[in-house]
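Below: one structure, written as structure tokens.
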Amino acid sequence: MKKTVTIIQMFLLVALFSPIAHGKFNALDSSSYQLGVGDRIIVSVYGEEEMSLKEARLSDAGTISMPFIGEIKVSGMSVGRLQRYIEGKLRGDYLVEPNVTVRILEYRKFFVRGQVKEPGAFAFEPGLTLGKAVALAGGFTERAAKKTVTVVRENVQGEQRILTFKLSERLQPGDIINVQESFF
């Protein structure tokens with residue numbers, strides 16, 4: 001009986017302190033990451049080289065062009081959803097049971113501007129925190145307001161949200177980091 005209580009207690013602790021419970025869930029931690037303009041992907045159809053897409057960067061319209069299928073609006077789709085979509089398009093007319101794999105080769109860039117030594121666009125890597133991003137931009141200048149760094153995040157509909165971040169918080173591809181000037 002005591003083991004059952006301990007397991008239940010552990011489950012409750014995990015649920016209570018999980019990132020999801022506190023709204024800190026990072027889309028890159030799951031298969032729900034939504035592809036966007038600038039992402040570079042590869043699409044493989046197992047055993048069917050001519051139906052595969054070696055490499056493609058999502059266009060400004062958020063599309064890719066697949067052999068035998070044509071242009072596909074990919075922006076806003078997860079990798080899993082895109083795989084299922086392509087399998088569905090190939091099933092029947094072209095293949096009996098297609099096996100499609102989609103991999104992200106390169107995430108879209110993130111941007112750092114304001115009071116950093118080297119502002120600009122940088123390659124995104126999963127697990128990137130705000131502190132690491134500032135380090136990539138050469139670090140804060142002497143005039144930087146280190147405690148009020150904002151991040152502009154755009155959703156797939158093009159709507160932007162302005163968020164205040166701590167240095168330990170994770171970024172997403174396409175984020176725009178604004179380091180304000182301190183007045184004191």
Side-chain angles (χ1 to χ4, degrees), residues 18-20 23-91 94-95 97-113 118-137 149-163 165-178:
S18 76
I20 297 170
K24 299 279 186 185
F25 180 71
N26 185 340
L28 293 175
D29 292 337
S30 75
S31 62
S32 66
Y33 170 70
Q34 293 182 331
L35 295 166
V37 174
D39 285 335
R40 198 166 53 109
I41 64 172
I42 185 169
V43 180
S44 302
V45 181
Y46 181 73
E48 303 293 336
E49 193 71 26
E50 71 279 356
M51 291 184 174
S52 297
L53 182 62
K54 300 288 181 225
E55 184 178 310
R57 186 173 302 276
L58 272 65
S59 70
D60 287 342
T63 62
I64 60 170
S65 184
M66 278 292 298
F68 297 91
I69 297 174
E71 192 170 23
I72 304 171
K73 174 86 168 145
V74 174
S75 186
M77 281 189 181
S78 68
V79 169
R81 183 170 166 220
L82 179 57
Q83 286 176 181
R84 290 187 300 277
Y85 178 84
I86 294 170
E87 286 173 348
K89 288 291 190 180
L90 294 175
R91 186 174 286 115
Y94 300 105
L95 300 170
E97 196 59 43
N99 184 358
V100 176
T101 303
V102 176
R103 287 185 311 129
I104 300 173
L105 294 175
E106 181 182 302
Y107 293 94
R108 56 193 175 270
K109 295 184 183 295
F110 71 94
F111 305 87
V112 184
R113 62 184 181 192
E118 299 173 26
F122 300 90
F124 181 86
E125 292 290 330
L128 182 73
T129 63
L130 177 59
K132 290 176 185 176
V134 169
L136 285 171
V149 178
T150 58
V151 174
V152 177
R153 182 165 291 162
E154 189 173 290
N155 64 20
V156 291
Q157 291 82 21
E159 300 164 340
Q160 294 184 338
R161 293 183 303 155
I162 298 175
L163 311 163
F165 266 46
K166 295 178 183 170
L167 292 176
S168 61
E169 292 186 79
R170 290 188 180 209
L171 297 172
Q172 292 183 1
D175 281 350
I176 302 170
I177 301 164
N178 295 307

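- When side chains are defined from C-beta on, Ile86 counts as touching Ile72, because their heavy atoms get closer than 4.5 Å.
- Thr63 and Glu71 get closest at one heavy-atom pair: OG1-OE2, 2.8 Å.
- With Asp175 contributing its side chain and Arg153 its backbone, the two residues share no donor-acceptor pair below 3.5 Å.
- Rounding to the nearest 0.5 Å gives a distance of 6.5 Å between CG of Leu82 and CG of Leu35.
- Between Ile64 and Leu58 there is a side-chain heavy-atom pair separated by less than 4.5 Å.
- Between atom CD of residue Gln83 and atom CE of residue Met77 there is a gap of 11.5 Å, rounded to the nearest 0.5 Å.
- Rounding to the nearest 0.5 Å gives a distance of 8.5 Å between CZ of Phe122 and CD1 of Ile177.
- Of all heavy-atom pairs spanning Glu87 and Pro98, the tightest one is O-CG, 3.3 Å.
- Taking CZ of Phe68 as the start and NZ of Lys89 as the end, the distance is 15.5 Å to the nearest 0.5 Å.
- A heavy-atom distance below 4.5 Å is found between the side chains of Tyr33 and Ile104.
- Tested against Phe110, the residues Ile176, Val151, Leu136 include a single side-chain contact (heavy atoms from CB on, under 4.5 Å) partner, Leu136.
- Of the inter-residue distances, the one linking Arg103 atom CZ with Arg40 atom CZ reads 10.0 Å to the nearest 0.5 angstrom.
- Here CZ of Arg108 is found 4.5 Å from CG of Asp39. Values are rounded to the nearest 0.5 Å.
- When side chains are defined from C-beta on, Val149 does not count as touching Val134, because their heavy atoms never get closer than 4.5 Å.
- Contact record, Pro119 with Arg113: CB-CA, 4.0 Å, taken as the closest heavy-atom pair.
- Looking at residues two or more places apart in sequence or on another chain, you find no ring pair (Phe, Tyr, Trp, His ring centres under 6.0 Å) involving Tyr85.
- Shown here are the ring pair (Phe, Tyr, Trp, His ring centres under 6.0 Å) partners of Phe111, two or more places apart in sequence or in another chain: there are none.
- What you find for Pro67 and Ser52 is that their closest heavy atoms are CG-O, 3.6 Å.
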*Could you walk me through whether Leu130 and Glu169 pass the side-chain contact (heavy atoms from CB on, under 4.5 Å) check?*
CA-CA 6 Å; Leu130 177 59; Glu169 292 186 79; 5.5 Å; no
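- When every heavy atom of Val102 is checked against every heavy atom of Val79, the shortest pair comes out as O-CG1, 3.2 Å.
- Listed by chain and number, the residues in a ring pair (Phe, Tyr, Trp, His ring centres under 6.0 Å) with Phe165 amount to none (sequence neighbours excluded).
- In this structure, Leu95 and Met51 have side chains that are in contact, with non-hydrogen atoms separated by less than 4.5 Å.
- What you find for Ala133 and Val112 is that their closest heavy atoms are O-CG2, 4.1 Å.
- Between Arg91 and Glu97, the closest side-chain pair of non-hydrogen atoms falls below 4.5 Å.
- Not one N or O on the side chain of Arg170 forms a donor-acceptor pair closer than 3.5 Å with the backbone of Thr129.
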